[in-house]
Amino acid sequence: MRVLVAGGAGFIGSHLCERLLLEGHQVTCIDNLCTGDLNNIEGIKRNSLFRFILQDVALPISLEVDVVAHLASPASPIDYARLPVETMLANSLGTYQLLEVARKNGARFLMASTSEIYGDPLEAPQQESYFGNVNPNGPRSCYDESKRFAEAITSTYRRMYELESVIIRIFNTFGPRMRREDGRVVPNFIQQALAGESLTVYGDGSQTRSFCYVDDLVEGIWRALIREEAVGQVINLGNDAEMTILELADEIKKITGSESEIAFQPLPEDDPRRRRPDLSKANSLLSWQPKVSLQDGLKRVVEWFMSEPGN
Ligand code: UDP
């Protein structure tokens, strides 16, 4: 297959490019590097099946492909707060441009959506049928609402043009290649623990998240791309082992052997209280479930951070 990976130089996108190349597919990666990094594709850039195009997804692009995967968007709360308009355009205009590429080629289209679709959910665990509880004007809305738009236009193209689409909703994911400064909780806590600094817990730390290791997620994305059962579906992908942020802080202290204290800081506005995916659909449609435990995943990321001091 000829696969276009938009956002292929990012954290998840680069892992997906590697996986596709391993399966023997031809990969074109487009990325404007606003949060992506050429270092992420260092290991594959000389592969003859791989091509990199430096471009913003919001601009038109003409390519011959069989599959389009749209993972191009800032995804960490501090990144989209820093790049709110770029985030909205990547998910609105960018999704439109990539849908057009898919429509013209009769290609399959995978939209990387997010658990943020559910906002501060009033239901737990979150099933795909839940419409969510999103503040349309809050500080996270540039991300939440543009991803909701991306889902809406993807579903519209499916209805209008019989486009083969798959929408995946990605829950908190962690792994090597997360940027140290991206502000998400796993890289923050690991860095702080390794440096002997206090771990910054926002609020009282009782809010929950469920953390998925990137290799598990990429396996799910791969299956969503190739399985006929996934076509036309919206599917949660993540790990359903829910924990509080304080429990995560303790786990990271244990793994790093750190004696760091906890420093409580104000909870950001609209920070979701709970997040845990219902994975029954992923399970039945993709025969998929996450395998890597939080402890094993965290150990791998700690090793990676220690081996890449400059990153
Ligand atoms: N968080 C925290 N300390 C940090 C960074 C994040 O307590 O240094 C909290 C944040 O308020 C949220 C959770 O950890 O409740 C996950 O935040 P993250 O930015 O990783 O992703 P989100 O799930 O909010 O998109």
Side-chain angles (χ1 to χ4, degrees), residues 10-12 35 71 73-84 87 90-91 112-121 124-126 132-135 138-148 168-214 217 236-253 256 258 260-277 294 297-298 301-302 305:
F11 159 48
I12 296 174
T35 53
L71 290 88
S73 170
S76 122
I78 69 157
D79 281 340
Y80 55 72
R82 182 172 58 87
L83 300 165
T87 302
N91 288 313
S113 184
T114 165
S115 54
E116 283 286 323
I117 291 293
Y118 303 119
D120 189 10
Q126 291 83 52
N133 176 37
V134 174
N135 175 354
R140 298 172 88 102
S141 68
C142 60
Y143 186 65
D144 302 9
E145 294 291 10
S146 65
K147 286 287 189 186
R148 289 172 71 97
I168 52 165
R169 293 185 178 149
I170 301 176
F171 283 66
N172 294 67
T173 298
F174 70 101
R177 300 198 189 131
M178 290 188 99
R179 289 175 11 258
R180 278 176 201 270
E181 69 285 6
D182 100 351
R184 279 182 278 201
V185 67
V186 170
N188 270 11
F189 283 179
I190 291 180
Q191 271 194 104
Q192 290 160 347
L194 291 176
E197 293 166 5
S198 300
L199 271 54
T200 52
V201 169
Y202 302 158
D204 62 6
S206 64
Q207 70 272 33
T208 68
R209 295 292 186 272
S210 316
F211 296 94
C212 183
Y213 189 67
V214 66
L217 182 82
N236 287 337
L237 289 179
N239 193 307
D240 55 3
E242 184 178 11
M243 65 193 311
T244 68
I245 295 303
L246 265 182
E247 286 166 343
L248 175 73
D250 279 344
E251 199 57 57
I252 290 180
K253 280 178 59 178
T256 53
S258 153
S260 292
E261 318 246 290
I262 301 289
F264 291 97
Q265 293 191 358
L267 190 68
E269 195 182 336
D270 290 342
D271 197 282
R273 293 282 320 147
R274 293 195 69 178
R275 207 185 266 157
R276 176 183 168 211
L294 180 77
L298 287 175
V301 184
V302 168
F305 268 123

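Counting starts at 1 for both ligands and their atoms, following the listed order.
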J.: Is any NZ, NE, NH1 or NH2 atom of the basic residue among Arg82 and Asp79 found under 4.0 Å from an Asp or Glu carboxylate oxygen of the other?
T.: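 Result for this pair is yes, salt bridge flagged.
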
J.: Quick one: CD1 on Ile117 to CD on Glu145, what's the gap to the nearest 0.5 Å?
T.: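 It is 8.0 Å, given to the nearest 0.5 Å.
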
J.: Which of these, Arg169, Arg209, Arg275, sits in a salt bridge (Lys or Arg N to Asp or Glu O under 4.0 Å) with Glu116?
T.: Arg275

J.: Do side-chain atoms of Gln192 reach the backbone of Thr200 as a donor and acceptor pair under 3.5 angstrom?
T.: yes

J.: Applying ring-ring contact (aromatic ring centres under 6.0 Å, His included), can you list everything that pairs with Tyr80, at least two apart in sequence or on another chain?
T.: Tyr143

J.: What are the atom names and distances for all N or O pairs under 3.5 Å between ligand 1 and the protein?
T.:
unit_1   : atom_1 : unit_2 : atom_2 : d
ligand 1 : 3 (N)  : Thr200 : O      : 2.6
ligand 1 : 7 (O)  : Tyr202 : N      : 2.8
ligand 1 : 8 (O)  : Asn188 : ND2    : 2.8
ligand 1 : 8 (O)  : Thr200 : O      : 3.2
ligand 1 : 8 (O)  : Thr200 : OG1    : 2.9
ligand 1 : 8 (O)  : Tyr202 : OH     : 3.4
ligand 1 : 11 (O) : Asp271 : OD2    : 2.6
ligand 1 : 15 (O) : Gln207 : NE2    : 3.0
ligand 1 : 15 (O) : Arg209 : NH2    : 3.3
ligand 1 : 15 (O) : Asp271 : OD1    : 2.6
ligand 1 : 15 (O) : Asp271 : OD2    : 3.3
ligand 1 : 20 (O) : Val185 : N      : 2.8
ligand 1 : 23 (O) : Asn172 : ND2    : 2.8
ligand 1 : 23 (O) : Arg209 : NE     : 2.6
ligand 1 : 23 (O) : Arg275 : NH1    : 2.6
ligand 1 : 24 (O) : Arg140 : NH2    : 2.9
ligand 1 : 24 (O) : Arg209 : NH2    : 3.3
ligand 1 : 25 (O) : Arg140 : NH2    : 3.2

J.: Would you tell me whether Arg148 and Ser113 have side-chain atoms, one donor and one acceptor, within less than 3.5 Å of each other?
T.: no

